[in-house]
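Every number for a ligand or one of its atoms is a count from 1 in the order of the listing.
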Amino acid sequence: MKKVKSKVYSKKIRSAVFISGRGTNFKSLVDFSKKKYSPINIKLLITDNKKAKGIIFAKKNNIKFKYFNYKNSHRSETKILKLLKKNNINFIMLAGFMKILSEKFIKKFNKKIVNIHPSLLPKYKGLNTHQKVLKNKDKFSGCTVHFVSKKLDSGKIILQKRVKVFRKDNKLKLQKRILKIENKIYPLAIKKIFS
Ligand code: GAR
């Protein structure tokens, strides 16, 4: 993997992470944010799932978190935007957030939003990426960190890493192997954006 130059930041970017579940990428971003060469400071966790495991990690790390029920996505987005403003958030990282942000939200936030996706974009946008890779007998899969644009999983790519697909792979094995790489490249991609 290409090395990204380290720089020490005196003023870190106030950031938020959005998750829907497990939160391994959230954890890896929080660990990274604590390093002195990290450009970000994670101030807020947003989730649409009350039971998201990542909440436990946020609590342990004194990171403010807020759950939005998304029964009405427009209303939830309006509330989220207010909260982001109140907390002076300037950067959003989506990490397994399974709701699609509206065009209006993306425009209104008008700052940087990035996402991690478990495939080699532009291949396999959307859901069930690992099943698609296995069904098509692809030799490689991987993961991608990209900017969020109004079209799903289509924004500019920041960093991408290939992972070999083995003949004996099943969905779970492949997913686990790719997730480990995701946890590594997400912080590297953030470093790259601000270097
Ligand atoms: C990750 O594999 C991430 O790429 C994927 O959800 C998982 C979350 O894992 N995101 C998407 O599929 C978004 N389209 P985590 O909660 O352990 O970070």
Please write down residue, atom name and distance for the protein heavy atom closest to [atom].
atom: atom 12 (O) of ligand 1; answer: Pro118 CD, 3.5 Å
atom: atom 2 (O) of ligand 1; answer: Glu182 OE2, 2.8 Å
atom: atom 14 (N) of ligand 1; answer: His117 ND1, 3.4 Å
atom: atom 8 (C) of ligand 1; answer: Gly96 CA, 3.6 Å

Looking only at distances, please establish whether an N/O atom of ligand 1 is found under 3.5 Å from an N/O atom of Arg22. yes
Considering Gly21, Ala52, Gly23, which one's heavy-atom position lies nearest to atom 16 (O) of ligand 1? Gly23
Lys108 pairs by side chain to side chain contact (heavy atoms under 4.5 Å, CB included) with which of Leu81, Leu84, Thr78? Leu81
Charged tip of Lys164 within 45° of Phe140 ring normal and under 6.0 Å: yes
Does Lys53 have a non-hydrogen atom less than 4.0 Å from ligand 1? no
Would you say the side chains of Thr24 and Asn183 form a donor-acceptor pair under 3.5 Å? yes
Can you tell which part of Met98 has a heavy atom less than 4.0 Å from ligand 1: side chain, backbone, both or neither? side chain
Is ligand 1 under 4.0 Å from a heavy atom in the side chain of Leu179, in the backbone, in both, or in neither? side chain
What are the two closest heavy atoms between [X] and [Y], and how far apart are they?
X: Pro118; Y: Glu182; answer: CB-OE2, 3.4 Å
X: Ser141; Y: Leu120; answer: O-CD1, 3.3 Å
X: Lys125; Y: Lys132; answer: O-NZ, 3.6 Å

Can you tell me how far CD1 of Ile116 sits from CG of Asn25, rounded to the nearest 0.5 angstrom? 4.5 Å
